[in-house]
Q: 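One structure, pasted below without further comment.
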There are 2 protein chains.
Amino acid sequence: MNRKNVTIQDIANTANVSKSTVSRVLNDSTPVDAKKRAAVLKAMKNLDFKPNVFARILAGGRSMTLGIVTQNIGSPFYDSVTMGVINGLADTGYSPIIADGQWNQERELVAVRTLIERQVDGLIMVGGNLDSSTLREACHGVPVVQIARYLEDCKERCICIDNVAAAKRATEFLIEAGHRNIAHIAGISDHEDSIDRLKGYQQALTDANIVVRDELIVQGDFSAQSGVLALETLLLRGVAFSAVFAANDEMAFGVRLALFRAGKRVPEDVSIIGFDDQPNSAYMIPPLTTVSQPALEMGAAASKMLVSAIAEKPFEIPMLPVELVVRESVTRLR
Amino acid sequence: MNRKNVTIQDIANTANVSKSTVSRVLNDSTPVDAKKRAAVLKAMKNLDFKPNVFARILAGGRSMTLGIVTQNIGSPFYDSVTMGVINGLADTGYSPIIADGQWNQERELVAVRTLIERQVDGLIMVGGNLDSSTLREACHGVPVVQIARYLEDCKERCICIDNVAAAKRATEFLIEAGHRNIAHIAGISDHEDSIDRLKGYQQALTDANIVVRDELIVQGDFSAQSGVLALETLLLRGVAFSAVFAANDEMAFGVRLALFRAGKRVPEDVSIIGFDDQPNSAYMIPPLTTVSQPALEMGAAASKMLVSAIAEKPFEIPMLPVELVVRESVTRLR
DNA sequence: CTGTTAGCGCCTTCAC
DNA sequence: GTGAAGGCGCTAACAG
């Protein structure tokens with residue numbers, strides 16, 4: 001721009017070395033004599049040198065930029081994850097660029113391509129639908145970390161929780177409280193999380209010798225509004241139920257509201273359990289029992305993992321605690 | 001990278017012109033003969049040419065990147081605004097880079113500097129505390145749009161609502177419903193929004209000839225937790241109140257929960273009104289009456305405005321509808 | 001270990 | 001109107 005920036009040439013001059021040497025200490029790509037190195041470092045500090053990202057990448061280096069592909073910006077859970085990623089990137093020297101896939105394979109692919117075109121050093125996928133071979137191809141070898149989704153063929157790059165186990169645990173909690181007629185509000189039908197949570201629900205029932213009844217299962221789409229509709233559907237069907245396990249908190253909110261409108265008390269008449277432990281869940285009336293999925297931590301872990309992958313350093317996937325958060329929306333029967 | 005990208009040289013060759021000419025049609029900086037122009041365009045299409053962002057900026061062009069400075073990622077309102085910005089940028093050719101200021105002037109300044117260093121073509125500030133002269137200086141002439149904050153010295157670049165008027169209207173709604181003892185839970189004390197909303201509350205009371213009583217005003221910090229504490233404080237003070245106006249929905253949620261714990265009914269015993277109309281407000285029990293602030297629209301408007309500013313085209317600040325959303329958390333007295 | 005030499009892809013004078 | 005030439009700041013061979 002207008003203000004002349006100091007370049008490696010400048011610092012090369014004041015340190016009495018060549019540009020290359022400066023470049024070397026900058027990337028410590030090659031060993032450099034300790035004295036010269038010190039001189040360079042000092043010059044850099046004195047002149048307040050900041051490498052030009054664009055020149056650097058043009059010459060074939062790193063862009064120090066990471067791409068984040070989100071889905072449907074505005075959803076509490078995914079937004080939290082995204083924010084976790086951004087926070088995790090603070091002080092790593094990497095800056096995030098965001099693109100939205102909108103849960104649409106085509107747009108998702110465009111998002112990935114845009115990011116790759118911008119020469120991101122790595123990519124973080126938050127959710128998504130793209131099949132892994134397409135994804136891999138679009139990435140041209142740029143490392144990718146996948147959050148909240150399990151890709152069979154690159155498990156070591158996926159950060160996600162065991163939805164089946166978590167959903168099973170939630171359902172078991174209801175069973176242990178004496179509930180037998182437990183309804184389930186499922187999420188988007190072809191979404192892996194929905195499928196797994198439904199599976200966990202079914203397993204818990206089966207293990208407890210309770211018959212899985214289709215009339216107690218309603219299809220939602222993860223939105224609060226769909227929770228309302230789902231519960232109304234349930235009411236319309238006329239089946240008896242003393243508890244509802246919703247595949248996410250949003251739908252649980254909808255269920256709660258529908259019960260309120262129908263004059264049913266929670267938890268006296270119907271118990272509710274959600275999934276995600278989104279921040280507001282603790283402030284529902286009554287506070288919602290739910291499964292906490294550590295969105296921020298998942299995001300942070302992903303960013304660390306990616307940074308390590310770029311540096312070709314090993315990284316151990318941290319234990320991501322998924323726990324049942326017991327609040328007042330569930331009652332013990334009898 | 002590995003796959004050779006097509007450069008302007010390539011298309012210059014196939015179109016039988018020079019690189020310069022190609023560059024010219026790319027930026028239409030200088031008139032070019034219609035035929036050559038067509039040939040160039042055709043070649044670009046055929047070869048699927050994509051200009052290299054980095055080379056372009058290194059040579060002094062646009063980076064086609066916009067910076068977004070958010071505050072405290074994780075807050076529903078600001079996140080929504082941010083998402084609005086990102087959505088608004090789709091298909092403009094600009095990509096967003098995000099940095100977090102964390103409601104900390106120092107970090108905010110760092111965020112701005114980082115972004116400027118990355119040669120963003122424009123900057124969007126979502127909230128923030130930096131005084132405008134510092135901000136202006138850090139920007140080195142890069143255009144800035146400020147959201148959800150009113151900067152005296154550049155009104156034409158601020159997208160925000162009239163908090164005083166909106167808060168006044170909310171309070172008047174309670175007064176019209178027959179409430180006289182109306183408590184107010186204020187936000188962070190030196191935050192402009194808090195100040196303005198408090199002002200609106202006071203004005204409404206004064207206009208209705210109701211004395212503003214300090215014991216009915218409690219300081220919060222915009223978090224739900226602080227809403228709980230604020231209401232408990234109010235209860236402790238032992239002052240009578242039939243309604244609470246909280247400076248944002250989050251705190252209203254806290255208020256609601258505290259009332260629940262205290263065995264008070266809403267709205268029979270106490271009415272509540274919030275501010276922001278964040279998505280979950282409609283799913284509270286009972287659904288929360290609040291003031292809707294169009295976060296997504298504000299973000300979208302800001303991005304359009306910034307893109308126009310960069311192109312030095314005029315832009316009219318759109319009417320941002322702020323309206324009272326009446327739901328069941330307020331009762332009419334008598 | 002270090003300096004020299006080429007570019008990376010594009011924009012911008014400058015002559016023609 | 002157009003092409004040639006130089007340079008943006010940095011990295012990556014290449015010889016020493």
Side-chain angles (χ1 to χ4, degrees), chain A residues 1-41 43-44 47-65 93 116-121 140 310, chain B residues 1-41 43-44 47-65 93 116-119 121 140:
Chain A
M1 305 266 91
N2 38 12
R3 210 236 308 247
K4 235 184 202 158
N5 280 309
V6 334
T7 75
I8 55 171
Q9 185 59 268
D10 299 329
I11 89 112
N13 294 153
T14 83
N16 272 321
V17 294
S18 72
K19 288 197 314 181
S20 327
T21 303
V22 178
S23 173
R24 277 165 194 136
V25 344
L26 207 51
N27 311 285
D28 53 29
S29 45
T30 313
V32 169
D33 177 80
K35 282 187 182 171
K36 301 206 173 188
R37 170 186 216 78
V40 168
L41 253 20
M44 299 212 290
L47 300 182
D48 189 32
F49 167 76
K50 312 215 164 148
N52 179 316
V53 191
F54 300 90
R56 172 176 275 187
I57 185 171
L58 185 56
R62 310 244 100 110
S63 68
M64 297 310 282
T65 304
I116 294 296
E117 222 165 74
R118 291 213 167 225
Q119 317 256 30
V120 292
D121 294 336
H140 291 293
I310 293 172
Chain B
M1 309 261 87
N2 39 13
R3 208 238 305 250
K4 240 185 200 157
N5 280 309
V6 333
T7 75
I8 55 171
Q9 185 59 267
D10 298 330
I11 89 113
N13 294 153
T14 81
N16 271 320
V17 292
S18 72
K19 288 198 310 181
S20 327
T21 303
V22 178
S23 174
R24 278 167 193 134
V25 344
L26 207 50
N27 312 285
D28 53 30
S29 45
T30 312
V32 169
D33 177 82
K35 280 185 180 170
K36 301 205 172 185
R37 169 184 217 78
V40 168
L41 254 21
M44 298 213 290
L47 300 182
D48 188 31
F49 167 75
K50 312 212 166 151
N52 179 318
V53 192
F54 301 90
R56 169 176 279 188
I57 185 172
L58 186 56
R62 308 244 103 109
S63 69
M64 296 312 281
T65 305
I116 294 296
E117 221 166 76
R118 290 209 169 228
Q119 317 256 29
D121 293 337
H140 290 293

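Labels below follow one simple rule: chain letters A, B, ... track the order of the sequence lines, proteins then strands, and each chain is numbered from 1.
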Q: Would you mind telling me which residue lines up with the more 5' stretch of DNA chain C, B:Arg24 or B:Val53, judged by nearest nucleotide?
A: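 The residue mapped nearer the 5' terminus is B:Val53.
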
Q: Name the nucleic acid region contacted by A:Ser20, choosing base, sugar-phosphate or nothing; use a 4.0 angstrom heavy-atom cut-off, strictly under.
A: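 Result for A:Ser20 = base.
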
Q: Roughly how many Å is it from CG in B:Asn16 to P in D:dG3, rounded to a whole number?
A: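 Taking CG of B:Asn16 and P of D:dG3, I get 9 Å after rounding.
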
Q: Ignoring hydrogens, what is the shortest heavy-atom contact between A:Ile57 and A:Gln119? Give both atom names and the distance.
A: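 A:Ile57 and A:Gln119 have their closest heavy atoms at CD1-CB, 2.8 Å.
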
Q: Looking at B:Asn52, does any N or O in its side chain come under 4.0 Å of the phosphate oxygens OP1/OP2 on C:dC8?
A: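 No, outside the criterion.
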
Q: Within the structure shown, what part of the strands sits under 4.0 Å from A:Ser29 by heavy-atom distance: base, sugar-phosphate, or nothing?
A: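 Result for A:Ser29 = nothing.
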
Q: Donor-acceptor pair, B:Thr14 side chain versus B:Ala43 backbone, under 3.5 Å?
A: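 Judged by distance alone, no pair lies under 3.5 Å.
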
Q: Under 4.0 Å between any heavy atoms, over every strand shown, what does A:Lys36 touch: base, sugar-phosphate, or nothing? Just pick one.
A: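 Sugar-phosphate: the residue A:Lys36, judged by heavy atoms under 4.0 Å, touches backbone atoms but no base.
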
Q: Is there a side-chain contact between B:Thr7 and the phosphate of C:dG9, meaning an N or O under 4.0 Å from OP1 or OP2?
A: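 No, outside the criterion.
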
Q: With a 4.0 Å cutoff (strictly under), does any side-chain N or O of B:Arg56 reach OP1 or OP2 of C:dC11?
A: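 Looking at the OP1 and OP2 atoms of C:dC11, one of them is under 4.0 Å from a side-chain N or O of B:Arg56.
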
Q: Would you kindly compare B:Ala55 and A:Asn27 by the position of their nearest DNA chain D nucleotide and give the one closer to the 5′ end?
A: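 Looking at the nearest nucleotide for each, B:Ala55 comes out on the 5' side.
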
Q: In whole Å, what is the span from the CG atom of B:Leu26 to the P atom of C:dC11?
A: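 Taking CG of B:Leu26 and P of C:dC11, I get 5 Å after rounding.
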
Q: B:Leu58 or B:Val17: which one's nearest nucleotide on DNA chain D is closer to the 5' end?
A: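 Its nucleotide being nearer the 5' end, the pick is B:Val17.
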
Q: So, for A:Met44 and A:Ile11, which heavy atoms are closest and what is the spacing to 0.1 Å?
A: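 Residues A:Met44 and A:Ile11, closest heavy atoms: CG-CD1, 3.6 Å.
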
Q: Closest approach to the side chain of A:Ala59, judged atom by atom: which nucleotide of C:dC10, C:dG3, D:dG9 is it?
A: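 Given the options C:dC10, C:dG3, D:dG9, the side chain of A:Ala59 is closest to D:dG9.
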
Q: Rounded to the Å, how far apart are A:Asp28 CG and C:dC1 P?
A: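 Whole-Å distance recorded here is 13 Å.
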
Q: Ignoring hydrogens, what is the shortest heavy-atom contact between A:Asp121 and A:Met64? Give both atom names and the distance.
A: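 Looks like OD2-N, 2.7 Å.
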
Q: Ignoring backbone atoms, establish whether A:Ser18 has a side-chain N or O less than 4.0 Å from OP1 or OP2 of C:dT4.
A: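 Answer is no, no contact under 4.0 Å.
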
Q: So, does A:Thr65 use its side chain to make a donor-acceptor pair with the main chain of A:Ser63 at under 3.5 Å?
A: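 Yes, the answer is positive, given that a donor and an acceptor are paired below the 3.5 Å cut-off.
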
